[in-house]
Asks: 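Submitted below is the structure of interest, expressed as structure tokens.
As the structure is a computational prediction, the values presented were derived from the model and not from experiment. Index from 1, following the sequence. Computed over heavy atoms, backbone and side chain alike; hydrogens, waters and symmetry mates excluded.
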Amino acid sequence: MAKLDRAALRYAKAAFDFLGDAKKAKAVTEELRAFGKTLSESAELQSALTNEAFSTENRIQVVRDLCQKMGMSPDVLRILAVLAENRRILVTESVADRMEQLCWEAADIAALEVESATEIRAEDKKKIEEKFSKILGKKVEARYQLTPNLMGGLRVTAAGRTYDGTLSGWLETMEEKLMGGYL
């Protein structure tokens with residue numbers, strides 16, 4: 001997975017530099033995400049774009065045809081053609097995620113990944129974002145994810161650090177403190 005993530009970051013940086021504008025990159029990111037979703041939902045499409053029996057030209061033609069049907073921009077087609085040519089088309093969604101992070105960094109916005117066991121109300125989301133904006137000293141953009149196996153509270157990942165406010169996280173911290181006192 002780490003190798004794929006590095007590849008996605010490398011392609012995302014190249015695409016971001018190619019586009020030269022964070023605003024343009026944001027729009028391209030959404031189109032890449034849509035293509036990636038379509039790709040992940042179709043085993044036949046995945047086979048056509050990764051099977052060694054198909055030539056690079058055939059794979060690129062499939063990408064062109066699909067981009068045309070989906071109404072995608074020429075920039076997206078160019079990025080996807082490079083991914084298809086280099087046999088990296090399956091990392092399209094990861095490239096989109098990494099490009100989104102690059103857009104946020106360019107705009108001095110911190111990304112938050114917020115996990116909770118239950119749905120968070122809108123007013124609580126606002127409080128979470130305000131709190132982390134103060135902690136990080138910049139605007140934040142949050143993604144909320146339901147993680148049913150969490151026991152109460154929240155787990156927030158921001159700027160490479162995880163803030164674990166879950167019951168299980170609290171119990172682990174307590175256990176470490178107790179064990180540390182006896183060793």
Asks: Can you tell me if Thr92 uses its side chain to pair, donor with acceptor, with the backbone of Ile89 under 3.5 Å?
Replies: yes
Asks: Would Lys131 and Ile128 count as a side chain to side chain contact (heavy atoms under 4.5 Å, CB included) if you check the C-alpha gap in whole Å, the side-chain angles of each, and the deciding distance to 0.1 Å?
Replies: CA-CA 5 Å; Lys131 179 74 172 177; Ile128 292 166; 5.8 Å; no
Asks: Enumerate the salt bridge (Lys or Arg N to Asp or Glu O under 4.0 Å) contacts for residues 32-59, please, sequence neighbours excluded, ordered by first and then second residue.
Replies: Glu30-Arg33, Arg33-Asp97, Arg33-Glu100, Lys37-Glu41, Glu52-Arg87
Asks: Ser133 side chain to Glu129 main-chain N or O, any donor-acceptor pair under 3.5 Å?
Replies: no
Asks: Measuring from atom CE of Met174 to atom CG of Leu167, what distance do you get when rounded to the nearest 0.5 angstrom?
Replies: 10.5 Å
Asks: Which atoms form the tightest heavy-atom contact between Leu112 and Ala158, and what is the distance?
Replies: CD2-CB, 3.1 Å
Asks: With side chain to side chain contact (heavy atoms under 4.5 Å, CB included) as the criterion, how do Leu39 and Gln46 come out once you've worked through the C-alpha distance, each side chain's angles and the decisive distance to 0.1 Å?
Replies: CA-CA 6 Å; Leu39 181 61; Gln46 289 176 28; 3.8 Å; yes
Asks: Which residues pass the side chain to side chain contact (heavy atoms under 4.5 Å, CB included) test with Ile60, sequence neighbours left out?
Replies: Thr56, Arg64, Ala81, Ala84, Glu85
Asks: Tell me whether Glu175 at atom CD has more than 12 heavy atoms from other residues, nucleotides or ligands lying less than 6.0 Å away.
Replies: no
Asks: Please list, one pair per line, the donor and acceptor atoms closer than 3.5 Å that link side chains of residues 9-17 to other protein atoms, with sequence neighbours excluded.
Replies:
none

Asks: Sorted by first residue and then second, give each ring-ring contact (aromatic ring centres under 6.0 Å, His included) pair with at least one member in residues 128-159; sequence neighbours left out.
Replies: Phe132-Tyr163
Asks: Got a sec, which residues hit salt bridge (Lys or Arg N to Asp or Glu O under 4.0 Å) with Arg161, two or more places apart in sequence or on another chain?
Replies: none
Asks: Measuring only between side-chain heavy atoms, which start at C-beta, is Thr166 closer than 4.5 Å to Leu154?
Replies: no
Asks: Identify the heavy atoms of Ala53 and Asn51 that sit nearest to each other, and give their distance.
Replies: N-OD1, 2.7 Å
Asks: Test of understanding: with side chain to side chain donor-acceptor pair (under 3.5 Å), list the residues that count as partners of Glu119, not counting sequence neighbours.
Replies: none
Asks: Find out if a path of hydrophobic residues (ILVMFWY) with successive side-chain heavy-atom gaps under 4.5 Å connects Val156 to Leu146.
Replies: no
Asks: For Ala8 versus Ser94, what's the shortest heavy-atom pair and its separation?
Replies: CB-CB, 3.5 Å
Asks: Is Leu102 reachable from Val82 through a run of hydrophobic residues whose side-chain heavy atoms are each under 4.5 Å from the next?
Replies: no
Asks: Quick check against the 3.5 Å criterion: does Thr173 have a side-chain atom that pairs as donor or acceptor with the backbone of Gly169?
Replies: yes
Asks: Would you say that Leu32 contacts Met99 through its side chain, given a criterion of any heavy-atom pair below 4.5 Å between the two side chains?
Replies: yes
Asks: What residues form a salt bridge (Lys or Arg N to Asp or Glu O under 4.0 Å) with Arg155, not counting sequence neighbours?
Replies: Glu115, Asp164
Asks: Inspect the surroundings of CD in Glu123 and state if more than 12 heavy atoms from other residues, nucleotides or ligands are less than 6.0 Å away.
Replies: yes
Asks: Mark yes or no for whether Asn58, through its side chain, and Phe54, through its backbone, hold a donor-acceptor pair below 3.5 Å.
Replies: no
Asks: If every non-hydrogen atom of Cys103 is compared with every non-hydrogen atom of Ala22, which pair is closest and at what distance?
Replies: SG-O, 3.6 Å
Asks: Do any pairs count as a salt bridge (Lys or Arg N to Asp or Glu O under 4.0 Å) and have a residue in residues 68-80, sequence neighbours left out, and if so which ones?
Replies: Lys24-Asp75
Asks: Grouping I, L, V, M, F, W and Y whenever their side-chain heavy atoms are under 4.5 Å apart, do Ile120 and Met151 come out in a common cluster?
Replies: no
Asks: Any sub-3.5 Å donor-acceptor pair from Glu113's side-chain atoms to Ala142's backbone N or O?
Replies: no
Asks: Heavy-atom distance under 4.5 Å between the side chains of Lys23 and Lys26, does that happen here?
Replies: no
Asks: Quick one: hydrophobic cluster around Trp104, which other residues, with the 4.5 Å side-chain cut-off, linked directly or via members?
Replies: Ile109
Asks: Grab the two heavy atoms, one from Leu80 and one from Cys67, that are nearest each other, plus how far apart they are.
Replies: CD1-SG, 3.5 Å
Asks: Quick one: side chain to side chain contact (heavy atoms under 4.5 Å, CB included) partners of Thr118, sequence neighbours excluded?
Replies: none
Asks: What pairs with Ala110 under side chain to side chain contact (heavy atoms under 4.5 Å, CB included), at least two apart in sequence or on another chain?
Replies: Leu136, Lys138, Val140
Asks: Tell me, please, which residues at least two apart from Met70 pass side chain to side chain contact (heavy atoms under 4.5 Å, CB included).
Replies: Ala34, Phe35, Thr38, Leu66, Met72
